[in-house]
Undergrad: 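Sharing a structure below in structure tokens format, with a few things to ask.
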Amino acid sequence: MDTQAFIQQHIAEIKDTVGTAKAVVALSGGVDSATTAALAHRAIGDHLVSIFIDDGLMREGEGPAVAEDFAKLGIKVGIVDAQDEFFAALKGLEDPEEKRKAFRHTFYTVLGRLVKESGAMCLLQGTIAADILETQRGVKTQHNILEQIGLDPQQWGLMVLEPLKELFKPQVREVAAALSLPEGMHQRMPFPGPGLATRVIGEVTPGRVETLRRATSIVEQETADLKLFQAFAVLLRDRATGLKGDGRAFGQIIAVRCVASTDAMTASVVEVPWDTLRRIQERITAEVADVTKVLYDITPKPPSTIEYI
Ligand code: XMP
């Protein structure tokens with residue numbers, strides 16, 4: 001791919017489509033939406049409205065970190081607190097696709113409202129080729145695939161631009177680097193649209209997400225020096241008897257997953273050094289309330305997928 005030609009072509013396309021109107025981009029902290037925003041900002045400058053929807057399903061400190069990173073690039077990000085709406089929509093749901101649907105519906109309801117309020121006529125999405133392929137293959141519905149899931153943005157009088165939809169992750173990272181996004185941002189691990197909800201088996205409640213968020217931070221901190229595609233924690237629905245303090249505890253179970261991949265279509269399991277795994281276990285059982293067991297997932301993709309729902 002000729003990265004510079006790609007950038008010039010898409011800047012021109014966004015300029016032509018948006019003109020002097022406004023466009024909205026929703027950032028997630030991931031490289032796809034960050035690259036889309038940086039590209040659009042080059043094209044239309046302050047006509048781009050960048051928002052971060054706080055759905056309560058993000059990693060620790062994600063919103064303020066995104067806003068800070070983008071401020072350094074001259075892009076102002078508005079953080080919108082929609083946590084209650086997302087948790088209300090997810091309440092009582094246990095089926096993976098039901099949870100994805102509830103997330104998606106809430107996401108587009110909130111986003112639609114914000115777009116309307118902003119007066120924008122265009123929505124920029126960071127959809128990439130892998131999202132489209134996985135949805136077409138029916139593996140799972142990725143939340144940002146509007147057309148394929150029967151959502152019609154024209155209902156909202158909106159045009160949708162997906163400038164990265166022909167690229168795979170490594171190419172997106174190349175574009176991000178060429179747009180001068182900081183390395184921490186373009187080498188950031190992929191994080192799914194529905195956030196920590198893809199890693200909570202069973203009902204997604206604020207308390208369960210908080211347990212997972214703490215465990216996720218520990219896994220990210222302890223694996224920061226390893227070369228891998230994604231490293232994260234998962235909260236299982238089962239419980240296991242363990243010993244906490246002076247007595248028996250029927251506690252929660254965290255699975256740890258570390259995978260290597262280039263494009264997320266296949267993935268292998270990383271042979272994380274034993275010392276690292278032991279430290280992860282020690283920290284999670286000591287620092288995360290109610291967890292009595294930590295497992296390491298040794299399943300590649302296929303037959304597994306990377307995420308758990
Ligand atoms: P799976 O679990 O299908 O994940 O092997 C492949 C890659 O996609 C990410 N992923 C998502 N990204 N919205 C996204 O933007 C989603 O709904 C979604 N589900 C999975 C996952 O983290 C992995 O990198």
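For ligands, and for the atoms within them, numbers begin at 1 and follow the listed sequence.
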Undergrad: Under 3.5 Å, N or O to N or O, is Pro194 touching ligand 1 that way?
TA: no
Undergrad: Would you please test Arg213 and Arg59 for side chain to side chain contact (heavy atoms under 4.5 Å, CB included) and show each step?
TA: CA-CA 6 Å; Arg213 186 179 286 123; Arg59 289 169 289 190; 5.5 Å; no
Undergrad: Please could you name the atoms of ligand 1 that Thr305 approaches to less than 4.0 Å, counting only its heavy atoms?
TA: 1 (P), 2 (O), 5 (O)
Undergrad: Show me the pairs that pass salt bridge (Lys or Arg N to Asp or Glu O under 4.0 Å) and involve residues 244-266, at least two apart or across chains.
TA: Arg257-Asp297
Undergrad: Give the atoms of ligand 1, by number and element, whose distance to some non-hydrogen atom of Lys301 is under 4.0 Å.
TA: 1 (P), 3 (O), 5 (O), 6 (C)
Undergrad: Would one find an N or O of Arg199, backbone or side chain, under 3.5 Å from an N or O of ligand 1?
TA: no
Undergrad: Looking only at heavy atoms, is any part of Pro190 under 4.0 Å from ligand 1, and if so is it the side chain, the backbone, or both, or is it neither?
TA: side chain
Undergrad: May I ask you to check if ligand 1 and Gln230 share an N or O to N or O distance below 3.5 Å?
TA: yes
Undergrad: Is there side-chain contact between Phe52 and Glu62, with heavy atoms separated by less than 4.5 Å?
TA: yes
Undergrad: Scan side-chain atoms only and decide if Thr285 and Gln281 contain a donor-acceptor pair under the 3.5 Å cut-off.
TA: yes
Undergrad: Using atom types as modelled, flag every donor-acceptor pair under 3.5 Å from a side chain in residues 163-179 to any protein atom, sequence neighbours excluded.
TA:
{"from": "Lys169", "atom 1": "NZ", "to": "Asp32", "atom 2": "OD1", "distance (Å)": "3.0"}
{"from": "Lys169", "atom 1": "NZ", "to": "Asp32", "atom 2": "OD2", "distance (Å)": "2.9"}
{"from": "Gln171", "atom 1": "OE1", "to": "Phe168", "atom 2": "N", "distance (Å)": "2.8"}
{"from": "Arg173", "atom 1": "NH1", "to": "His186", "atom 2": "O", "distance (Å)": "2.9"}
{"from": "Arg173", "atom 1": "NH1", "to": "Arg188", "atom 2": "O", "distance (Å)": "3.0"}
{"from": "Glu174", "atom 1": "OE1", "to": "Thr3", "atom 2": "OG1", "distance (Å)": "3.4"}

Undergrad: Does any N or O atom in Arg100 lie less than 3.5 angstrom from one in ligand 1, N or O only?
TA: yes
Undergrad: Side-chain donor-acceptor pair under 3.5 Å between Glu60 and Ser217, yes or no?
TA: yes
